[in-house]
Protein chains: 2
Amino acid sequence: MKIGELAKQSGLSTHTLRFYEKQGLIRASTRSESNYRIYSQADLSAVRFVKRSRDMGFSLEEVGVFLSIRADKPAHVCREAKDLAQQKIFEVEQKIHEMQQMLTALHKLSDACCGGNESAEFCSIIEVLDYTSVEQDEGYSVPAGKGKA
Amino acid sequence: MKIGELAKQSGLSTHTLRFYEKQGLIRASTRSESNYRIYSQADLSAVRFVKRSRDMGFSLEEVGVFLSIRADKPAHVCREAKDLAQQKIFEVEQKIHEMQQMLTALHKLSDACCGGNESAEFCSIIEVLDYTSVEQDEGYSVPAGKGKA
DNA sequence: ATAAACCTTAGACTAGACTCTAATGTCAAG
DNA sequence: CTTGACATTAGAGTCTAGTCTAAGGTTTAT
Ligand SMILES: [Zn+2]
Ligand SMILES: [Zn+2]
Ligand SMILES: [Zn+2]
Ligand SMILES: [Zn+2]
């Protein structure tokens, strides 16, 4: 099949497929007389392998490592693959944690504000973003802010 | 204070502060005779406002909106600020959800593999990444894979 | 007076993963 | 035979948020 068909079958764009080739990830097993890329079913499998890996959060570089393991399994050991997976689990957990921290802060921010069409003069969101625990030399004092504003 | 001092006080680099200025976010209220940026306490507050907003996940563009609300509160309404906050909450929740999906998939991937120093010939990680629900025309069948490999 | 430490500018570079363009060649259908 | 869809290449552009460099000017301390 040609690149357009592979794009359809894999859910990636032709641009992306050529880009992956340039990155050394996947290449067509043959070329036509007119130099068109001709892909086999095995090529399609490889592309899907790449896509699945990407969907799990692996970078293109990491996918490259998986591909080279896949290309010559006896030359590699399980540990190589598992290390990558566990490293990725760690990274994703870290990011989830960061985002959950953000989310907590954002909820506090949002909940304090009425969200109405009134002037933002006493808007709690701006106040909270503005608040500095130790504010000196400014004659500025943090508003009490009991209600939503 | 000069930019180096502001950097210390705010926890941002001088590079970043000049970059923020170029982005139209914060500028020194005055310049010295020798054209050095001279920042006031109010400038420091603004920079901290920016930093806090960034830490909550807002983009520089969004921070710019917050800053303009902050700069002229009566000209704005609470809804503007709250919309931004809620939109961000939505985005962060989306991302957390995606990452949790990834995490589930990654755990499945990782748990199936022994992680040992044996050949990756039957490595479950490669197998799982390779698996395609509907695989035809290839004489290829998905391995049973009961054990960790 | 001279070195260290600071400041200035414009602009280039980084990462990651695409995404698109231009200029040209090829192929199938009407 | 021409039109339109598809293909080729090298290389440039996009996005975000910095990060760094070069080539110089200024301030402070010794
Ligand atoms: Zn409000
Ligand atoms: Zn309000
Ligand atoms: Zn394994
Ligand atoms: Zn194993």
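Letters go in sequence order (proteins before strands), and every chain restarts at 1.
Evaluation of the salt bridge (Lys or Arg N to Asp or Glu O under 4.0 Å) rule for B/R70 yields A/D130 as partners, not counting sequence neighbours. For B/R37, the side-chain hydrogen bond (donor to acceptor under 3.5 Å, both in side chains) partners two or more places apart in sequence, or in a different chain, are B/E21. B/Q87 is linked by a side-chain hydrogen bond (donor to acceptor under 3.5 Å, both in side chains) to B/E91, counting only residues two or more places apart in sequence or in another chain. For A/R79, the side-chain hydrogen bond (donor to acceptor under 3.5 Å, both in side chains) criterion is met by B/N117, not counting sequence neighbours. Remark: A/E62 pairs with A/S59, A/K88 by the side-chain hydrogen bond (donor to acceptor under 3.5 Å, both in side chains) rule, at least two apart or across chains. For B/F66, the ring-ring contact (aromatic ring centres under 6.0 Å, His included) partners two or more places apart in sequence, or in a different chain, are B/F58.
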Report summary line: Per-nt protein contacts along nucleotides 18-23 of chain C (heavy atom under 4.0 Å; B base, S backbone sugar-phosphate only, - none) come out as BBBB--
Report task. Heavy atoms under 4.0 Å is the rule here; annotate nucleotides 25-30 of chain C 5' to 3' with B where the base is hit, S where only the sugar-phosphate is, and - elsewhere. Result -> BBS---
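Among residues at least two apart or in separate chains, there is no ring pair (Phe, Tyr, Trp, His ring centres under 6.0 Å) pair with a member in residues 34-54 of chain A. Residue pairs meeting the side-chain hydrogen bond (donor to acceptor under 3.5 Å, both in side chains) criterion with at least one partner in residues 2-11 of chain A, sequence neighbours excluded, are A/E5-A/Q9.
Non-hydrogen atoms lying under 4.0 Å from DNA chain D are contributed by nothing in residues 83-99 of chain A.
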Can you pull every protein N or O that's under 3.5 Å from an N or O on nucleotides 1-5 of chain D?
none

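Whole-Å rounding puts the B/F58 CZ to D/dT16 P distance at 16 Å.
Phosphate proximity of D/dT26 to B/R37: absent, as no side-chain N or O sits under 4.0 Å from OP1 or OP2. Considering only side-chain N and O atoms, A/R18 lies nowhere under 4.0 angstrom from the phosphate OP1 or OP2 of D/dC6.
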